[in-house]
J.: 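Sharing a structure with you now.
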Amino acid sequence: MLNFRKEERLTNKKIINSLFIKGSSFFIYPFSIKWNIITATFKFPSQILISIPKRNFKKAVDRNKLKRLVRDAYRINKSILSESISDSDKKFVFTLIYTEKEIVDFKLIHEKIILILQRLLKEHEKIAK
RNA sequence: ACAACAGUUCGUUCUAUCGCUGCUUUACUUAGGUGAGGGAGAGGAAAGUCCGGGCAACAUAGAGCGCCAUACUUCCUAACGGGAAGGUACAUUGAGUAAUUGAUGUAACAGAGAGUGCCACAGAAAAUAACCGCCCCGUUUAAUGCAGGGUAAGGGUGAAAAUGUGAGGUAAGAGCUCACGUUGUAUUAUGGCAACAUAGCACAAGGGUAAACCUUAUGGGUUGAAAGACCAAAUAUACCGGUUGAUAAGGGCUGCUCGUCCAAUGCCGGGGGGUAGGUCGUUAGAGAUUAUUGGCGACAAUAAUAGUAGAUAAAUGAUAGAAGUCCUUUUACAAGGAAACAGAACCCGGCUUACAGAACUGUUGUUUUU
């Protein structure tokens with residue numbers, strides 16, 4: 001299942017606000033991650049928000065390109081999360097904020113996304129216990 | 001052939017795997033949805049948001065003042081501050097002894113005979129000009145000097161100094177007068193739709209600056225798709241109906257008692273506004289392409305053709321490979337590298353700005369060959 005549908009994107013304003021106020025956070029280069037666990041009814045185990053600051057990338061073309069790279073990396077690797085926590089009521093909500101000021105390789109992003117997802121999985125296990 | 005300038009067109013292509021957003025066909029499903037197939041999916045500027053228009057909501061008796069914008073003429077257009085053709089002025093350049101003329105470019109190109117303001121430095125003086133000089137007169141024996149006056153011909157300064165040259169005239173001078181010019185205004189004739197041009201006649205000539213205020217003429221209601229229209233969970237609930245309801249307290253009918261009505265609580269149903277969310281607006285249009293006709297041209301008319309993005313924390317992508325183009329290295333094979341500016345957001349017409357490279361057309365210049 002390498003889909004990436006609209007339901008997997010974080011679009012609800014209230015959830016976004018609560019994420020930025022209450023969410024925990026950590027940092028893996030070049031991303032800063034904020035995450036939270038909520039009870040919700042949507043189908044997928046997680047919702048994601050990819051954020052590229054306009055301050056670092058003034059041109060819309062660059063922001064689009066980065067967003068697509070990150071999204072594709074997530075799409076390929078998201079099974080790490082979905083296999084372990086598919087049947088829980090608690091849903092993952094997290095945001096990736098790109099902090100580097102230049103565009104990096106797809107391969108690097110790919111590796112880092114795997115690291116991030118593994119870290120998130122550990123956090124989830126802690127809470128589950 | 002090369003270079004410069006101007007204009008027009010284009011803005012890498014293909015394959016495989018994994019995806020994204022609409023559309024459509026079909027199977028399953030109570031519905032919601034799920035699966036499979038097909039086909040579509042960023043630009044010449046999508047950008048800046050600088051003008052104009054459509055569309056929408058709100059406002060709106062009429063007039064004046066204010067504010068903003070525009071400013072040679074005619075035409076094009078839905079409209080424009082855009083475009084086309086032309087006029088005028090200036091600049092560059094080619095031809096020519098010259099008069100003149102060809103080409104290209106630039107122009108906030110109405111008014112400085114309405115008023116107010118400003119004009120650095122230099123200079124006597126920057127706008128009711130007297131520093132030097134020239135001349136007259138007074139004083140003095142006379143000269144110098146001093147006092148009073150006339151004078152814009154000469155001097156130097158400056159971006160700019162009071163209409164140029166010549167003659168007359170005068171104490172010296174001066175458009176003071178005259179001739180030939182220059183510029184402006186009014187007017188007549190001819191040509192032109194007009195701006196304007198040419199010729200005549202009259203009057204005037206005491207600077208520049210309106211992207212300083214201003215005057216004149218013309219135009220402008222405000223806000224923008226986050227406009228606006230509709231549907232509508234959950235929760236709370238105006239209001240309505242039903243049901244429940246203690247013989248307690250309260251209010252109306254009354255002076256009092258009884259009686260009766262209202263109301264208080266919970267539940268059920270209806271119901272309005274309306275939040276999350278959704279649908280429409282929203283992509284067939286002052287459209288595009290091709291041909292013909294009309295027009296110097298912008299453009300218009302007619303006919304034919306195809307159906308061509310529609311997201312909403314926002315799709316149009318990622319990976320791998322191949323081909324072509326350009327650059328570097330190399331005799332070559334080949335190897336390495338590069339590919340600009342930039343991402344639709346209601347829709348059109350323009351303008352402005354950014355842009356690797358490619359192709360074509362025209363003009364000018366240089367060189368070579370015939």
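To find a chain, count down the sequence lines: A is the first, B the second, and so on, and within it residues start at 1. As the structure is a computational prediction, the values presented were derived from the model and not from experiment.
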J.: Across all strands, who's sitting opposite B/U198 as a Watson-Crick or G-U wobble pair, both distances under 3.5 Å?
T.: B/A189

J.: Could you tell me the Watson-Crick or G-U partner of B/U15, where both distances fall under 3.5 Å? Say none if there is no partner.
T.: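 Here B/U15 is engaged in a pair, and the nucleotide opposite it is B/A320.
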
J.: Mind checking who B/C90 pairs with, Watson-Crick or G-U wobble, both distances under 3.5 Å?
T.: B/G105

J.: Nearest whole angstrom, please: distance from the P of B/G343 to the CG of A/L66.
T.: 14 Å

J.: More 5' along RNA chain B: A/L69 or A/K58, using each one's nearest nucleotide?
T.: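 The residue mapped nearer the 5' terminus is A/L69.
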
J.: Determine the interplanar angle of the A/Y98 and A/F57 rings, folded into 0 to 90°, and report it as parallel if under 30°, tilted if 30 to 60°, perpendicular if over 60°.
T.: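 The arrangement is tilted - the two ring planes meet at 30° to 60°.
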
J.: Excluding sequence neighbours, so at least two apart, what forms salt bridge (Lys or Arg N to Asp or Glu O under 4.0 Å) with A/R68?
T.: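 So A/R68 forms no salt bridge (Lys or Arg N to Asp or Glu O under 4.0 Å) with any residue.
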
J.: Could you tell me which nucleotide pairs with B/G7 by Watson-Crick or G-U wobble geometry, both distances under 3.5 Å, or answer none if nothing does?
T.: B/C360

J.: To the nearest 0.5 Å, what is the distance between CD1 (A/I28) and CG (A/L117)?
T.: 9.0 Å

J.: Looking at every heavy atom in both A/I109 and A/L69, which two are closest together, and how far apart are they?
T.: CD1-CB, 4.1 Å

J.: According to a strict under-4.0 Å criterion, is A/R68 in side-chain N/O contact with OP1 or OP2 of B/U316?
T.: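 Checking B/U316 against A/R68, a side-chain N or O does come within under 4.0 Å of OP1 or OP2.
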
J.: Under a 3.5 Å limit for both distances, which nucleotide forms a Watson-Crick or G-U wobble pair with B/G35, could you say?
T.: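 Across any shown strand, B/G35 pairs with B/U26.
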
J.: Taking the side chain of A/K67 as heavy atoms from C-beta outward, which of B/G317, B/G343, B/A314 is closest to it?
T.: B/A314

J.: Does the structure show a Watson-Crick or G-U wobble partner for B/A152, both distances under 3.5 Å? Name it, or say none.
T.: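 Because no pair has both required distances under 3.5 Å, B/A152 counts as unpaired.
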
J.: Answer yes or no: is there an ion pair linking A/R75 with A/D72, defined by an N-O contact shorter than 4.0 Å?
T.: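 Yes, A/R75 and A/D72 are salt-bridged.
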
J.: In whole Å, I'd like the distance from the CD1 atom of A/I48 to the P atom of B/A313.
T.: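 Whole-Å distance recorded here is 16 Å.
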
J.: Using whole Å, report how far CG of A/L108 lies from P of B/A318.
T.: 17 Å

J.: May I ask you to evaluate whether A/K59 reaches the phosphate of B/C341, defined as a side-chain N or O under 4.0 Å from OP1 or OP2?
T.: no

J.: Send over the distance from A/D62 CG to B/A47 P, rounded to a whole Å.
T.: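 In whole Å, B/A47 P lies 16 Å from A/D62 CG.
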
J.: Distance criterion of 3.5 Å, no angle test: do you see the side chain of A/R71 paired donor-to-acceptor with the base of B/C20?
T.: no

J.: Would you kindly give the CZ-to-P distance between A/R75 and B/U17, to the nearest whole Å?
T.: 14 Å

J.: Counting only Watson-Crick or G-U wobble pairs whose two distances fall under 3.5 Å, which nucleotide matches B/A63?
T.: none

J.: Does B/A318 have OP1 or OP2 under 4.0 Å away from a side-chain N or O of A/K65?
T.: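 So the side chain of A/K65 is within the cut-off, an N or O lying under 4.0 Å from OP1 or OP2 of B/A318.
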
J.: Return the value, rounded to whole Å, for the distance between atom CG of A/N64 and atom P of B/U21.
T.: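 Roughly 16 Å, once rounded to whole Å.
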
J.: In whole angstrom, give the distance that lies between atom CZ of A/R63 and atom C1' of B/A342.
T.: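 Taking atom C1' of B/A342 as the reference, CZ of A/R63 is at 12 Å.
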
